[in-house]
K.L.:
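Handing you this structure, nothing more for now.
Because the structure is predicted, anything quoted here is derived from the model rather than measured.
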Amino acid sequence: MAVLQLNDARGYGHLGAAANGCQVRTIMEHSELGTHKNGRQRKPIVAFDVKEVGNYPMDLEIEEEALLHDSDNEFGQPKMHRGVRAELGNVSLLLFLYVLQGIPLGLAGSIPLIMQSKNVSYKDQAYFSFVFWPFSLKLLWAPLVDALYVQRFGRRKSWLVPTQYLLGLFMLYLSVTVDSLLEGDGRRGPDILTITVVFFFLAFLAATQDIAVDGWALTMLSRENVGYASTCNSVGQTAGYFLGNVLFLALESPDFCNKYLRFEPKATGVVTISDFLFFWGIVFLVSTTLVAIMKSENCKQQAKKSRVETQGVMDTYRLLFSIVKMPPVFTFCSLLLTAKIGFSAADAVTGLKLVEAGVPKEQLALLAVPMVPLQILLPIVISKYTAGPRPLDIFYKAFPFRLLIGLGYALLVWWTPSVRQGGGFPMYYYGVVLFSYALHQVTLYSMYVATMAFHAKVSDPMIGGTYMTLLNTMTNLGGNWPSTLALWLVDPLTTKECQGAAGQRCGSPEEAGLCSQEGGVCVTLLDGYYVESVVCVLIGFGWWLWLGKRMKLLQQENLSAWQCRVAK
C-alpha cells in the first residue's frame, strides 16, 4: 500500500493566521489525504502515517499588521477587493511549495515498506520511525525561524531558500547512495542508522520549510484571499505525498509496471528510487533558484519592526510554559499524550505485517486512492456533531470502536496467508482490506475533528494560534511515541524456534543465520504483533473507562480556567 494512513489526520494550515483560531474549520474540511501524520501524519502505514501536525503560529501582531496594511492604499483609503484570479500567481506558487514539501514526506513514508520487503527487524523499523517526529516537534524551533532573518533578502526567503537548497542537495546525495544503503553489504542488510539520519534531516528541513511557507502565505496573499493558504497547504501536501508515496511505489514496482504499463516484462520498475531522488533533487534546486531571483517579499510589510518581532523568541517560550502550567491544560495534555497507546499496534505495525505476509506494497499504496473522497467528506459531516458545547463526547464514543477495529486488523493479518493464491491475492481480499480501512477512517476522523473542535473551543482568543499549536503538538506526540514503542517491542515479544538444527536458537538475526547454516528453519511460535494487539486494546479500554471520562469532564470547566492570564 502506499501507506494507508492509520494514524490520525494531519492538521494542515497555519493555525496562527488569526488569533481566534477562525481557520480551524477550513483546516478540518481540507485536512489530510490521510500522513502525519503528522499525520498525516499521520505515521506511516497501512502505509500508515503521514504526518499529524499542528503548525506553529508566526508573530501574530506582525502578521495581522501586514494583512491590515494590505487592505489600505498609501492614502489610507480602502482598497478594492480583489478576487483570487488577481493573485493566481501567488496561489500557484504556494501550492507548488507545499507540493515540494510533501515529496520527501511521501518518500519517507514509503521507505518502511521497502525495508520490510528486505526482511529488516521491527527494531530497525522503530529506529526509522523517528523520521516522522520533526513535524510534531517543530514548535521547539519555530520561534527561531520566525524571529531570525536577513531583512534585505526577505523574512521568509531567509529560511525557505537555504532549506530547499539543502533538501535538493540531500536528494542528489541520496540518489547516488540510497541503493547501497538499502542493500547494505550483502550480510547485514540495509544501513538503518545512516538511512534514518538522512531521512530525519530531510523531514527536519521539510518541517522548517513548512514554517517559513506558512508564514509567507499570510503576507503573500491579500487579506480577502488569505483563506486560500490553508487550501494550498492541504491540497499541496496531499499531492506531494501522493507523488512521493503512492505513485512512486507503483512506478518502482516491477510487477505493477509489467502488468499495467508494459508489453514486455522487465526486472525493474519504470523508475528506481535513485531516479526519483535525482529528478526531484534537480527540481528543488532549479525551482529554489527561480524563487530566490524572481520572487520578492513585500518590503513595506517588513519595514516596521515591532517589539514582538525583536523579542519574540523568549516571549514565545515563556508563553508556552505559562500555558502548560495551567491545571486544565496540563491535565488535557497528559491525556493527549496517553490516549493513543491503545491504537499503536494497529497503526504502526499492521501495514508492515501485511507486506511481510506477501501483500504487494504498491497494491496497499493504491488502496489509499479510493479513500480520498471519504477523507474529504468525513470532516465536513462530523463537524456538524462537534460544533456544540461538548465536542469530546464524539471522541469518547468513537474510541472503543477504533480499538475494536484494531483487533479486526490483527484478524486480517492472521487471515492473509491463508488467502494467498499462486503468489497473489483475490480481489475480494482487497475489498475486505479497503472496507476495514474505511471503517477505521470513520473512527479516526471522528476523534480528530472532535479534538480539533475542543482545541478551538478552549483556546484563549488573545493567543489562539500559539495555544492551539501547543495542543496540536501534544496530540501528535501522543501518536508518535506509542507507535515507535510498538515497533520496538514486536521482536522481543515474538517467540521463534529453530527446527531441524539441534541446539540452535532464533532469538536474533545472527542466531537465525546460524540456524539456517545448520540446515534448520526458524518457525514463529508466537508473533509479538498479536501480543501487542491484545495488550494495546486492553490498555485502551482501561484508558477509555477511567481517563476517558476525565477528559469528558474537562468540558465542564469554565472557559476562564483555560485563559492564560500572563498573556493579558
K.L.:
With sequence neighbours excluded, tell me which residues meet salt bridge (charged side-chain N to carboxylate O under 4.0 Å, His left out) with Lys552.
P.N.:
none
K.L.:
Excluding sequence neighbours, so at least two apart, what forms side-chain hydrogen bond (donor to acceptor under 3.5 Å, both in side chains) with Thr451?
P.N.:
none
K.L.:
Taking the side chain as everything from C-beta on, heavy atoms only, tell me whether Met452 gets closer than 4.5 Å to Pro391.
P.N.:
no
K.L.:
So, for Ala108 and Phe132, which heavy atoms are closest and what is the spacing to 0.1 Å?
P.N.:
O-CZ, 3.6 Å
K.L.:
Check step by step if side-chain contact (heavy atoms from CB on, under 4.5 Å) holds for Leu374 and Tyr445.
P.N.:
CA-CA 10 Å; Leu374 179 66; Tyr445 274 90; over 6 Å; no
K.L.:
Going by the angle between their ring planes, with limits at 30° and 60°, are Phe130 and Trp133 parallel, tilted or perpendicular?
P.N.:
tilted
K.L.:
Search all heavy atoms of Phe395 against all heavy atoms of Ala339 and return the closest pair with its distance.
P.N.:
CZ-CB, 4.3 Å
K.L.:
Under the ring pair (Phe, Tyr, Trp, His ring centres under 6.0 Å) rule, collect the residues that match up with Tyr127, sequence neighbours excluded.
P.N.:
Trp488
K.L.:
Looking at residues at least two apart in the chain, or sitting in another chain, which of them share a salt bridge (charged side-chain N to carboxylate O under 4.0 Å, His left out) with Asp527?
P.N.:
Lys353
K.L.:
For Phe332, check ring pair (Phe, Tyr, Trp, His ring centres under 6.0 Å) against everything at least two apart and list the hits.
P.N.:
Phe454, His455
K.L.:
For the CD atom of Gln116 and the CG atom of Leu354, what is their distance to the nearest 0.5 Å?
P.N.:
10.0 Å
K.L.:
As an exercise, state the distance from OG of Ser344 to CD of Glu532, rounded to the nearest 0.5 Å.
P.N.:
6.5 Å
K.L.:
Gln209 and Tyr98: side-chain donor and acceptor closer than 3.5 Å?
P.N.:
no
K.L.:
Which atom pairs, donor and acceptor, lie under 3.5 Å between side-chain atoms of residues 534-548 and protein residues at least two apart or in another chain?
P.N.:
from	atom 1	to	atom 2	distance (Å)
Trp543	NE1	Thr338	OG1	3.0
Trp544	NE1	Tyr396	O	2.9

K.L.:
How about Trp562 and Met326: do any of their side-chain heavy atoms sit closer than 4.5 Å?
P.N.:
no
K.L.:
Within this structure, what is the CG-CG distance for the pair Leu470 and Leu139, rounded to the nearest 0.5 Å?
P.N.:
6.5 Å
K.L.:
Any side-chain donor-acceptor pair under 3.5 Å between Asn233 and Gln101?
P.N.:
no
K.L.:
Side-chain contact, heavy-atom cut-off 4.5 Å: Leu174 with Leu202?
P.N.:
yes
K.L.:
Indicate the atoms forming the closest heavy-atom contact of Ser446 with Ala398, along with that distance.
P.N.:
CB-CB, 3.8 Å
K.L.:
If you define the side chain from C-beta out and look only at heavy atoms, does anything of Asp347 sit under 4.5 Å from Lys340?
P.N.:
no
K.L.:
Quick one: are Leu411 and Trp415 in side-chain contact, heavy atoms under 4.5 Å?
P.N.:
no
K.L.:
Identify, with sequence neighbours excluded, every residue that meets ring pair (Phe, Tyr, Trp, His ring centres under 6.0 Å) alongside Phe330.
P.N.:
none
K.L.:
Tell me yes or no: between the side chains of Glu356 and Tyr529, is some donor less than 3.5 Å from an acceptor?
P.N.:
no
K.L.:
Return yes when atom NZ of Lys118 has more than 12 non-hydrogen atoms of other residues, nucleotides or ligands closer than 6.0 Å, and no otherwise.
P.N.:
yes
K.L.:
State whether the side chain of Asn476 and the backbone N or O of Asn472 hold a donor-acceptor pair below 3.5 Å, judged by distance alone.
P.N.:
yes
K.L.:
Rounded to the nearest 0.5 Å, what separation is found between the OG1 atom of Thr350 and the CD1 atom of Ile405?
P.N.:
11.5 Å
K.L.:
Can you check whether Val213 reaches Arg156 side chain to side chain, under 4.5 Å on heavy atoms?
P.N.:
no
K.L.:
With sequence neighbours left out, write down each residue that passes side-chain contact (heavy atoms from CB on, under 4.5 Å) with Leu434, or none if nothing qualifies.
P.N.:
Leu367, Pro370, Met371
K.L.:
Residues in side-chain contact (heavy atoms from CB on, under 4.5 Å) with Phe200, at least two apart?
P.N.:
Val131, Pro134
K.L.:
If you compare all heavy atoms of Gly528 against all heavy atoms of Thr494, which two are closest, and at what distance to 0.1 Å?
P.N.:
N-OG1, 2.8 Å
K.L.:
Is the OH atom of Tyr530 crowded by more than 12 outside heavy atoms at less than 6.0 Å?
P.N.:
yes
K.L.:
Check Leu407 against Ser533 and note the closest heavy-atom contact, atom names and distance.
P.N.:
CD2-O, 4.1 Å
K.L.:
Please round to the nearest 0.5 Å and tell me the distance separating atom CG of Leu403 and atom OG1 of Thr443.
P.N.:
9.0 Å
K.L.:
Would the Phe204 and Trp141 ring centres measure less than 6.0 Å apart?
P.N.:
yes
K.L.:
Show your working on side-chain contact (heavy atoms from CB on, under 4.5 Å) between Gln441 and Leu378 and close with a plain yes or no.
P.N.:
CA-CA 8 Å; Gln441 292 296 287; Leu378 275 175; 4.1 Å; yes
K.L.:
Heavy atoms only: give me the nearest Pro112-Leu352 pair and the separation to one decimal.
P.N.:
O-CD2, 3.7 Å
K.L.:
Could you list the residues that satisfy side-chain hydrogen bond (donor to acceptor under 3.5 Å, both in side chains) with Thr194, not counting sequence neighbours?
P.N.:
Asp191
K.L.:
Rounded to the nearest 0.5 Å, what separates atom OG1 in Thr208 from atom CZ in Phe135?
P.N.:
8.5 Å
K.L.:
Apply side-chain contact (heavy atoms from CB on, under 4.5 Å) to Leu477 and Leu137, showing your working.
P.N.:
CA-CA 8 Å; Leu477 287 177; Leu137 297 173; 3.4 Å; yes
K.L.:
Around atom NZ of Lys457, are there more than 12 heavy atoms of other residues, nucleotides or ligands at under 6.0 Å?
P.N.:
yes
K.L.:
Checking Phe170 now: which residues fulfil ring pair (Phe, Tyr, Trp, His ring centres under 6.0 Å) with it, not counting sequence neighbours?
P.N.:
Phe201
K.L.:
Return the set of residues passing salt bridge (charged side-chain N to carboxylate O under 4.0 Å, His left out) with Arg550 (not counting sequence neighbours), or none when no residue passes.
P.N.:
none
K.L.:
Please test Val490 against Gln125 for side-chain contact (heavy atoms from CB on, under 4.5 Å), starting from the C-alpha separation and ending with a verdict.
P.N.:
CA-CA 10 Å; Val490 171; Gln125 294 282 12; over 6 Å; no
K.L.:
Any heavy-atom pair between the side chains of Thr473 and Lys138 that's under 4.5 Å?
P.N.:
no
